[in-house]
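Working notes for the structure below.
Lettering of chains follows the sequences in order, A, B, ..., and the numbering in each one begins at 1. What you see below is based on every heavy atom in this structure, not just the backbone, and it leaves out hydrogens, waters and symmetry mates.
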Protein chains: 2
Amino acid sequence: MSESEPKRSAAVGVRARARAELVAEITRSARTQLAEHGAAALSLRAVSRDLGMASSAIYRYFSSRDALLTALIIESYDSLGAACEAAEALVDRGDLLGRWRAVCHAARGWARANPHEYALIYGSPVPGYAAPDDTIDPATRVPVLLLALLADVAAQREERQVEPEPVSPLLATQLQAMRHVAEVDVDDRLLLEGVGAWTLLFGLLNFELFGQFANTFDDADELFGHQVDAAGTRLGLIPTD
Amino acid sequence: MSESEPKRSAAVGVRARARAELVAEITRSARTQLAEHGAAALSLRAVSRDLGMASSAIYRYFSSRDALLTALIIESYDSLGAACEAAEALVDRGDLLGRWRAVCHAARGWARANPHEYALIYGSPVPGYAAPDDTIDPATRVPVLLLALLADVAAQREERQVEPEPVSPLLATQLQAMRHVAEVDVDDRLLLEGVGAWTLLFGLLNFELFGQFANTFDDADELFGHQVDAAGTRLGLIPTD
DNA sequence: CGAAAGCGAGAGCAGTGCTCTCGTTTCGGA
DNA sequence: TCCGAAACGAGAGCACTGCTCTCGCTTTCG
């Protein structure tokens with residue numbers, strides 16, 4: 001536990017400290033490269049040149065290019081999640097539609113400001129790439145945020161009677177597992193509507209950022225706002241309360 | 001295959017014929033590589049080795065790796081479009097929900113059968129890559145198919161009065177441009193609903209194929225069917241007619 | 001104090017996209 | 001029919017990549 005007798009009390013150890021700093025510097029340089037030229041152009045050698053060290057030295061800190069990419073993926077998920085959470089937290093808790101809108105527009109704002117990071121996490125995965133377990137937690141931040149919102153929707157309209165959606169055993173199990181992730185209680189119907197809204201949100205972002213809207217909705221501001229509001233209506237969110 | 005017609009042969013030219021064949025062989029080999037290892041692993045040198053020719057010779061037929069990729073993109077769009085069109089054509093014209101379902105499930109079937117091709121056209125684009133004009137036409141096959149479906153929806157329910165959706169001038173212009181692509185007449189409200197359905201469809205496919213549903217909807221069959229039917233309901237499609 | 005582990009540099013390997021040159025083959029106009 | 005021009009394939013070469021291995025040096029720790 002405690003090293004209570006360091007002769008020369010060198011805190012955490014000069015080597016460990018240097019290591020942490022170098023890991024941070026490497027990811028910082030890599031993040032810059034990612035933002036400027038995209039994940040495909042991320043080069044370990046370019047990072048090493050940027051830091052003035054031999055390319056082989058990078059491997060003391062990241063076992064492979066994929067490992068570095070994984071670190072960037074985690075950072076990106078966290079960055080997006082933080083942006084959405086921050087925007088949503090600013091809205092009055094009772095304004096459910098406002099909270100939904102805030103999440104959507106924050107996600108879009110982040111994606112447009114960081115297109116390469118967005119493509120890294122929501123675009124085509126690298127062929128041989130298997131997402132390590134470290135990535136699934138940050139990846140769930142936005143879904144968890146939406147699940148909490150759904151729970152508040154369910155709570156707010158609890159007096160109204162909703163007839164249950166008939167779902168198959170498999171789908172029911174999957175929905176139950178989804179509830180378990182965020183520890184919320186939402187009926188099947190609303191949960192399915194939420195999955196649809198979540199999917200639509202990132203479908204819109206994919207189309208806009210990956211060029212599928214090109215030549216038609218080059219300016220997707222209003223289309224996005226309309227679709228988000230329509231999805232909000234489907235979730236039972238009403239303008240003011 | 002008789003070469004006893006010197007005039008015809010001369011007209012086509014042995015060299016032009018060889019060229020066309022080689023272009024076809026190169027794309028065939030490249031398509032195999034793409035299907036097996038993904039776009040990132042597509043190597044001009046590997047293609048040249050596969051065909052038993054020097055790597056530099058490839059450049060007589062494709063000016064760059066990107067040019068080859070563009071050919072594969074066009075092929076993929078056409079393949080997906082053809083699959084959807086074929087499936088949709090099998091359904092009775094009056095069964096609008098059936099046609100919508102057919103398109104969606106055909107798209108999903110194609111995407112799952114050709115995941116790398118799907119990632120190539122609906123995943124993150126190559127950073128410096130600008131889609132040539134040749135690609136936009138094949139890319140519109142599925143949207144055009146859906147627009148035709150929407151037009152039939154509008155025609156079938158023409159008696160029912162729909163109050164117009166208030167849209168801004170910009171959005172109205174964009175929707176008008178969209179109508180122009182497929183030469184159909186669909187009111188703003190239905191058109192917006194159609195864009196949402198189209199976006200949701202590929203949002204679902206992206207999530208499923210790119211791993212966002214992992215650990216939750218590993219088997220997305222029923223979720224997909226449910227979301228597709230829900231979108232169909234929103235479009236005003238009813239089970240049977 | 002001395003062995004062990006961590007570290008950085010450099011050389012090297014196999015692979016990539018792409019360019020250039022150099023003979024050869026084919027085409028098309030005179 | 002002939003001959004210059006264009007198309008072509010092969011090979012060498014350049015600059016770059018991820019990654020491995022070895023070799024000294026330094027920090028750590030028993």
Side-chain angles (χ1 to χ4, degrees), chain A residues 1-27 29-30 33-34 36-72 126-129, chain B residues 3 5-26 29-30 33-34 36-72 126-129:
Chain A
M1 290 284 191
S2 64
E3 295 81 359
S4 51
E5 40 189 342
K7 291 181 277 188
R8 302 164 301 168
S9 98
V12 197
V14 60
R15 199 161 236 175
R17 183 178 302 266
R19 183 177 182 86
E21 269 181 25
L22 257 176
V23 167
E25 278 206 39
I26 290 171
T27 56
S29 173
Q33 267 200 48
L34 168 64
E36 284 182 0
H37 306 106
L42 175 63
S43 154
L44 284 191
R45 292 181 112 109
V47 170
S48 72
R49 280 194 299 269
D50 186 32
L51 301 184
M53 62 199 304
S55 64
S56 57
I58 302 281
Y59 288 85
R60 298 281 179 193
Y61 305 93
F62 291 93
S63 61
S64 70
R65 185 177 178 275
D66 267 14
L68 219 193
L69 238 8
T70 299
L72 294 179
V126 186
Y129 186 81
Chain B
E3 303 184 13
E5 295 179 338
K7 293 179 184 179
R8 285 262 312 256
S9 289
V12 182
V14 61
R15 196 163 239 175
R17 181 179 305 266
R19 183 178 181 86
E21 269 181 25
L22 257 177
V23 167
E25 278 206 38
I26 291 171
S29 173
Q33 268 200 46
L34 168 63
E36 284 182 0
H37 306 106
L42 175 63
S43 154
L44 285 191
R45 293 181 112 108
V47 170
S48 73
R49 281 194 299 269
D50 185 33
L51 301 185
M53 62 198 304
S55 64
S56 58
I58 302 281
Y59 289 85
R60 299 283 180 193
Y61 304 93
F62 291 92
S63 60
S64 70
R65 184 177 178 275
D66 267 14
L68 218 193
L69 238 8
T70 299
L72 295 178
V126 186
Y129 186 81

(request) Would you indicate whether the side-chain heavy atoms of A/His37 and A/Leu42 approach each other to under 4.5 Å? (result) no
(request) Measure from CZ on A/Phe62 to C1' on D/dC19 and round the result to the nearest Å. (result) 16 Å
(request) If a protein heavy atom is under 4.0 Å from the base, mark B; if only from the sugar-phosphate, S; if neither, -; do that for nucleotides 7-20 of chain C going 5' to 3'. (result) BBBB-B---BBBBB
Identify each donor-acceptor pair in which a side-chain atom of residues 45-56 of chain A lies under 3.5 Å from a protein atom, sequence neighbours left out, and give them as a table.
{"unit_1": "A/Ser48", "atom_1": "OG", "unit_2": "A/Arg45", "atom_2": "O", "d": "2.7"}
{"unit_1": "A/Asp50", "atom_1": "OD2", "unit_2": "A/Ser29", "atom_2": "OG", "d": "2.7"}

(message) Donor-acceptor pair, distance only, cut-off 3.5 Å: does the side chain of A/Gln33 make one with the backbone of A/Gly38?
(response) no
(message) Holding to side chain to side chain contact (heavy atoms under 4.5 Å, CB included), I want the full list of residues that pass it with A/Phe62, two or more places apart in sequence or in another chain.
(response) A/Val23, A/Ile26, A/Thr27, A/Ala67, A/Leu68, A/Ala71
(message) Measure CD1/B/Ile26 against C1'/D/dC8 and give the value in whole Å, please.
(response) 12 Å
(message) Using 0.5 Å steps for rounding, measure from the CG atom of A/Leu22 to the CZ atom of A/Arg17.
(response) 13.5 Å
